[in-house]
Chemist: 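First the structure, then my questions, so here it is.
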Amino acid sequence: MKLTKTLLATTALTVAAGGALAESHGNMADSMTLVSWGGAYQASQDKAYAQPYVEMHPEVSVSWDESSNEAVAKLRAMNEAGNITWDLVDVVASDAIRLCDEGLAMEYDPEELLAEGDDGSSAEDDFGDLIVSDCFIPQIVYSTTFGYRTDMVPEGVEPPSEICSVFDLETYPGKRALEKRPINNMEWALLCDGVAKDEIYDVLATPEGQDKALAKLATIKDDVIWWSAGADTPQLLADGEIFMGSTYNGRLFSVIEEQKQPVAMMWDAQVFDLDGWIIPTGLDDAALARVKDFVKFATDTQRLADQAKYISYGPARLSSAPLVGQHAELGIEMAPHMPTDPENAKNTFLYNYEFWADYRDDIDAKFQAWLAQ
């Protein structure tokens, strides 16, 4: 059965790629360095994309670099040195926009690079508005939200269900974990300081608005552990070192469902975001040919649906959604754990990619200076 599926996948890919797989292996590089975020997310990519690809192409070796949180700075440095050592890089949408604007990511034609949907839809229609940049190849919809220790909720108090519980140290005492960057934190701070949701980015575009957000964050600063890696908050929750913390919803799924820790999700004001690939500019012809071949495979309908069997992120293709079923190992239905599930998405916060592409460097500098105070 497995062999039959592999053969079918190979046949489908050959057709979709216009016979690209029939090229001699000598025209394509036999090794790839893929850059991602580590942890449960990278593991889902490895299981859903990389391992099946290598099974079909045993001459290819794949290595992973867990440097996506530093992708912009490192690609700038590689470009300046004229030495591109990465083949394919997983980034959030706003970073893809920045890299595209700076000429560090390759522009592409969706109909040329990406496979059609299994339902016959064009790649452009299947991904739709999620192609937010000429360089961005969408993979998943995820959210940044909060998890909390169920056994640390004070007696007689309702578990936290609203975002502003993060700033309520009196009702919900204990350490918090927040990401060591302004994105999301500034939005939540303004939201909990009374700014209307549809005015957040107008306010945040001003120095006064930025100061307002930092002042709100200052009210809990002494009780915050700042994280840089997505694995930090789940570990801090598992160890009981914090009461609540932000991280990616897939990380929380892992700590709750796979590790069975006494942790629950708080979906209120979860921030939707996109993650996907960019191809660095400057790859040689052999490396580029291999990367294109891999990308067409790794972003087809079945592969994106397969990834959702390992982690609770919504696939970026419309045609993939009906194929998402149970977790590959736990046997639980995955739909209720997706950030896009109607029950979880009652009050979402829509991340503004273009705002952060424009303001990220300046607000980053201001945020880091505030952290150091």
Side-chain angles (χ1 to χ4, degrees), residues 34-42 44-45 48-49 68-69 71-72 75 88-101 104-108 110 113-114 117 121 123-145 179 181-184 187 200-201 230 246-253 267 269-280 295 298-301 303-308 310-321 324 334 337-341 344-345 348-360:
L34 309 181
V35 184
S36 191
W37 303 85
Y41 175 58
Q42 185 175 301
S44 73
Q45 293 175 303
Y49 314 151
S68 283
N69 61 328
V72 175
L75 281 170
L88 192 62
V89 187
D90 185 295
V91 293
V92 294
S94 60
D95 281 350
I97 293 171
R98 287 202 290 168
L99 290 166
C100 204
D101 288 346
L104 301 177
M106 187 187 85
E107 295 186 9
Y108 73 97
L113 181 65
L114 307 177
S121 59
E124 202 155 14
D125 287 343
D126 209 11
F127 284 103
D129 293 340
L130 301 190
I131 302 178
V132 297
S133 159
D134 292 335
C135 304
F136 183 64
I137 306 162
Q139 286 179 82
I140 52 102
V141 179
Y142 73 96
S143 75
T144 302
T145 189
E179 190 171 6
R181 66 174 191 169
I183 292 175
N184 300 334
E187 288 96 326
I200 293 288
Y201 287 107
S246 68
T247 190
Y248 315 123
N249 74 282
R251 299 282 192 166
L252 291 171
F253 170 84
W267 291 103
Q270 60 167 321
V271 182
F272 275 7
D273 202 350
L274 305 175
D275 222 83
W277 301 113
I278 62 97
I279 301 173
V295 165
T299 59
D300 71 13
T301 298
R303 254 43 63 179
L304 292 185
D306 286 348
Q307 186 180 5
Y310 298 102
I311 198 163
S312 55
Y313 295 149
R317 278 185 180 265
L318 291 173
S319 64
S320 299
V324 175
M334 291 300 286
H337 299 281
M338 297 291 173
T340 48
D341 182 76
N344 301 333
T348 60
F349 190 91
L350 300 178
Y351 179 85
N352 188 320
Y353 315 110
E354 292 183 354
F355 174 88
W356 281 110
D358 291 341
Y359 286 88
R360 176 72 184 272

Chemist: In the structure I gave you, are the side-chain heavy atoms of Asp273 and Ile183 within less than 4.5 Å of one another anywhere?
Modeler: no

Chemist: On a heavy-atom basis, which atom in Pro339 and which in Phe272 lie closest, and how many Å separate them?
Modeler: O-CZ, 3.4 Å

Chemist: Are Glu107 and Cys100 close enough that some pair of their side-chain heavy atoms sits under 4.5 Å apart?
Modeler: yes

Chemist: Say you draw a straight line from CG of Asn184 to OG1 of Thr144; how long is it, rounded to the nearest 0.5 Å?
Modeler: 4.5 Å

Chemist: Locate the shortest heavy-atom distance separating Gln307 from Ser44; write the atom from each residue and the value.
Modeler: NE2-OG, 3.0 Å

Chemist: Give me the atom names and distance for the closest heavy-atom approach of Ile278 to Leu75.
Modeler: CD1-CD1, 3.9 Å

Chemist: Given side-chain contact (heavy atoms from CB on, under 4.5 Å), test Glu187 with Phe355 step by step and report yes or no.
Modeler: CA-CA 12 Å; Glu187 288 96 326; Phe355 174 88; 5.8 Å; no

Chemist: Treating Gln270 as the side-chain partner and Asn344 as the backbone partner, does any N or O pair qualify as donor plus acceptor under 3.5 Å?
Modeler: yes

Chemist: Check whether any side-chain N or O of Tyr201 sits under 3.5 Å from a backbone N or O of Asn352 as a donor-acceptor pair, and report yes or no.
Modeler: yes

Chemist: On a heavy-atom basis, which atom in Val324 and which in Pro315 lie closest, and how many Å separate them?
Modeler: CG2-CG, 3.9 Å

Chemist: Would you compute the distance between atom OH of Tyr359 and atom OG of Ser94 and round it to the nearest 0.5 angstrom?
Modeler: 14.5 Å

Chemist: Can you tell me how far CH2 of Trp277 sits from OH of Tyr108, rounded to the nearest 0.5 angstrom?
Modeler: 13.5 Å

Chemist: Is a salt bridge present between Arg98 and Asp95, judged by a nitrogen-to-oxygen distance below 4.0 Å?
Modeler: yes

Chemist: Before you tell me yes or no, could you show the steps for Arg317 and Leu114 under side-chain contact (heavy atoms from CB on, under 4.5 Å), namely the whole-Å CA-CA distance, both residues' side-chain angles and the distance that decides it to 0.1 Å?
Modeler: CA-CA 11 Å; Arg317 278 185 180 265; Leu114 307 177; 4.1 Å; yes

Chemist: Checking the side chain of Asn249 only, and the main-chain atoms of Ser143 only, is there a donor and an acceptor separated by less than 3.5 Å?
Modeler: yes

Chemist: Would you indicate whether the side-chain heavy atoms of Val92 and Trp356 approach each other to under 4.5 Å?
Modeler: no

Chemist: Are Ile279 and Leu113 close enough, and set up right, to give a side-chain contact (heavy atoms from CB on, under 4.5 Å), and what steps lead you there?
Modeler: CA-CA 11 Å; Ile279 301 173; Leu113 181 65; 4.2 Å; yes

Chemist: Evaluate Val141 against Met338 for side-chain contact (heavy atoms from CB on, under 4.5 Å), listing each step before the verdict.
Modeler: CA-CA 9 Å; Val141 179; Met338 297 291 173; over 6 Å; no

Chemist: Distance check, rounded to the nearest 0.5 Å: Tyr248 atom OH versus Ile140 atom CD1?
Modeler: 10.0 Å

Chemist: Is the shortest side-chain heavy-atom distance between Pro138 and Ile131 below 4.5 Å?
Modeler: yes

Chemist: For a quick test of reading the model, state the closest non-hydrogen atom pair linking Thr145 to Trp267 and the distance between them.
Modeler: OG1-CA, 3.6 Å

Chemist: Quick check: closest heavy atoms across Gly250 and Ser312, and the distance to 0.1 Å?
Modeler: CA-OG, 3.6 Å

Chemist: Using the rule side-chain contact (heavy atoms from CB on, under 4.5 Å), only one of Ile137, Leu318, Leu304 pairs with Phe127; which is it?
Modeler: Leu304

Chemist: Assess whether side chain to side chain donor-acceptor pair (under 3.5 Å) is satisfied between Ser319 and Thr301, documenting all intermediate values.
Modeler: CA-CA 6 Å; Ser319 64; Thr301 298; 2.7 Å; yes

Chemist: What's the spacing between Ser133 OG and Leu274 CG if we round to 0.5 Å?
Modeler: 11.5 Å

Chemist: I need the Asp126 CG to Thr299 OG1 distance, nearest 0.5 Å.
Modeler: 10.0 Å

Chemist: Going by salt bridge (charged side-chain N to carboxylate O under 4.0 Å, His left out), name the residues that satisfy it together with Asp306, two or more places apart in sequence or in a different chain.
Modeler: Lys309

Chemist: Kindly say whether the aromatic ring centers of Tyr313 and Tyr41 come within a distance under 6.0 Å.
Modeler: yes

